[in-house]
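Below is one structure; the comments refer to it alone.
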Amino acid sequence: MTAKRPSSKKGLRSRRWSLQDAKTHLSQIVREAQRSGPQRVTVHGKDAAVIVAAEEFDRLQRPVSGRDIVAALAKSPLGDLEFERLTIKSKVRNVEL
(Lines give C-alpha, C1' and ligand atoms only; values in the text may rest on other atoms or scores of the structure.)
Protein backbone atom coordinates (compact mmCIF):
# COMPACT_ATOMS: atom_id res chain seq x y z
CA MET A 1 0.00 0.00 0.00
CA THR A 2 1.49 3.34 -1.00
CA ALA A 3 0.94 6.45 1.02
CA LYS A 4 -1.34 8.95 -0.61
CA ARG A 5 0.60 12.07 -1.51
CA PRO A 6 -1.02 15.27 -0.36
CA SER A 7 -2.05 17.86 -2.82
CA SER A 8 1.59 18.97 -2.76
CA LYS A 9 1.35 20.38 -6.26
CA LYS A 10 -1.64 22.35 -5.08
CA GLY A 11 0.30 23.31 -1.95
CA LEU A 12 3.29 24.46 -3.99
CA ARG A 13 1.14 26.44 -6.37
CA SER A 14 -1.06 28.12 -3.81
CA ARG A 15 1.46 28.04 -0.94
CA ARG A 16 -1.35 26.80 1.32
CA TRP A 17 -1.29 23.52 3.21
CA SER A 18 -3.93 21.91 5.37
CA LEU A 19 -2.74 21.12 8.87
CA GLN A 20 -2.91 17.40 8.09
CA ASP A 21 -0.72 17.80 4.98
CA ALA A 22 1.66 20.06 6.92
CA LYS A 23 2.12 17.41 9.62
CA THR A 24 2.90 14.80 7.02
CA HIS A 25 5.19 16.90 4.82
CA LEU A 26 6.84 19.39 7.16
CA SER A 27 10.34 18.97 5.70
CA GLN A 28 9.00 19.61 2.19
CA ILE A 29 7.16 22.71 3.38
CA VAL A 30 10.27 24.06 5.12
CA ARG A 31 12.33 23.57 1.95
CA GLU A 32 9.61 25.28 -0.06
CA ALA A 33 9.57 28.22 2.41
CA GLN A 34 13.34 28.58 1.93
CA ARG A 35 13.06 28.31 -1.85
CA SER A 36 9.81 30.11 -2.70
CA GLY A 37 8.75 32.14 0.31
CA PRO A 38 6.16 31.88 3.07
CA GLN A 39 3.90 28.81 3.24
CA ARG A 40 0.49 29.09 4.91
CA VAL A 41 -0.98 26.34 7.05
CA THR A 42 -4.75 26.22 7.33
CA VAL A 43 -7.07 24.77 9.95
CA HIS A 44 -10.65 24.15 8.81
CA GLY A 45 -9.89 26.13 5.64
CA LYS A 46 -8.74 29.27 7.44
CA ASP A 47 -5.16 30.52 7.69
CA ALA A 48 -3.70 29.55 11.06
CA ALA A 49 0.08 29.85 10.73
CA VAL A 50 2.81 30.81 8.29
CA ILE A 51 6.10 28.97 7.87
CA VAL A 52 8.92 31.27 6.74
CA ALA A 53 12.64 30.77 6.21
CA ALA A 54 14.72 31.65 9.28
CA GLU A 55 16.57 34.34 7.33
CA GLU A 56 13.27 36.03 6.43
CA PHE A 57 12.02 35.78 10.01
CA ASP A 58 15.24 37.36 11.33
CA ARG A 59 14.94 40.16 8.78
CA LEU A 60 11.37 40.84 9.88
CA GLN A 61 12.33 40.85 13.57
CA ARG A 62 15.21 43.29 13.14
CA PRO A 63 14.34 46.90 13.99
CA VAL A 64 14.19 49.22 11.00
CA SER A 65 17.22 51.48 10.78
CA GLY A 66 17.95 54.64 8.86
CA ARG A 67 20.04 52.56 6.44
CA ASP A 68 17.00 50.38 5.71
CA ILE A 69 14.98 53.47 4.85
CA VAL A 70 17.74 54.81 2.59
CA ALA A 71 18.03 51.41 0.85
CA ALA A 72 14.25 51.23 0.33
CA LEU A 73 14.15 54.73 -1.13
CA ALA A 74 17.10 53.96 -3.42
CA LYS A 75 15.23 50.92 -4.82
CA SER A 76 12.04 52.90 -5.42
CA PRO A 77 11.03 54.09 -8.92
CA LEU A 78 11.88 57.61 -7.74
CA GLY A 79 15.40 56.62 -6.65
CA ASP A 80 16.99 58.92 -9.25
CA LEU A 81 15.01 61.95 -8.16
CA GLU A 82 17.24 64.81 -6.99
CA PHE A 83 16.15 66.94 -4.06
CA GLU A 84 17.70 69.61 -1.93
CA ARG A 85 18.53 68.66 1.63
CA LEU A 86 18.09 71.44 4.12
CA THR A 87 20.31 71.49 7.16
CA ILE A 88 19.25 73.68 10.03
CA LYS A 89 21.92 74.75 12.44
CA SER A 90 20.82 76.29 15.68
CA LYS A 91 22.63 77.46 18.74
CA VAL A 92 23.00 75.07 21.63
CA ARG A 93 22.24 76.28 25.13
CA ASN A 94 24.55 75.56 28.02
CA VAL A 95 22.63 73.78 30.74
CA GLU A 96 23.87 73.29 34.27
CA LEU A 97 23.32 69.83 35.65
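Numbers for residues simply follow the sequence, beginning at 1. Hydrogens, waters and symmetry mates are skipped; everything else that's a heavy atom, side chains included, is used. Bear in mind that the values here come from a model prediction, so they are computed numbers and not experimental data.
- Interatomic distance, CD of Q39 versus CZ of R31, reported as 11.5 Å (0.5 Å rounding).
- Cluster membership check: F57 shares its hydrophobic cluster with V50, using side-chain heavy-atom separations under 4.5 Å among Ile, Leu, Val, Met, Phe, Trp and Tyr.
- Residues satisfying the side chain to side chain contact (heavy atoms under 4.5 Å, CB included) test with V64, not counting sequence neighbours, are D68, I69.
- Minimum heavy-atom separation, R15 to P38: CD-O, 3.6 Å.
- The nearest pair of heavy atoms linking A48 to V43 is CB-CG2, 3.6 Å.
- Side-chain N or O atoms of S76 include none that pairs as donor or acceptor with a backbone N or O of A72 at under 3.5 Å.
- Taking NZ of K89 as the start and OG1 of T87 as the end, the distance is 7.5 Å to the nearest 0.5 Å.
- Looking at heavy atoms from C-beta onward, L26 lies in side-chain contact with I51 at the 4.5 angstrom threshold.
- Linking Ile, Leu, Val, Met, Phe, Trp and Tyr residues whenever their side-chain heavy atoms come within less than 4.5 Å places V30 and W17 in a single cluster.
- Atom CZ of R16 sits about 8.0 Å away from atom OG1 of T42, to the nearest 0.5 Å.
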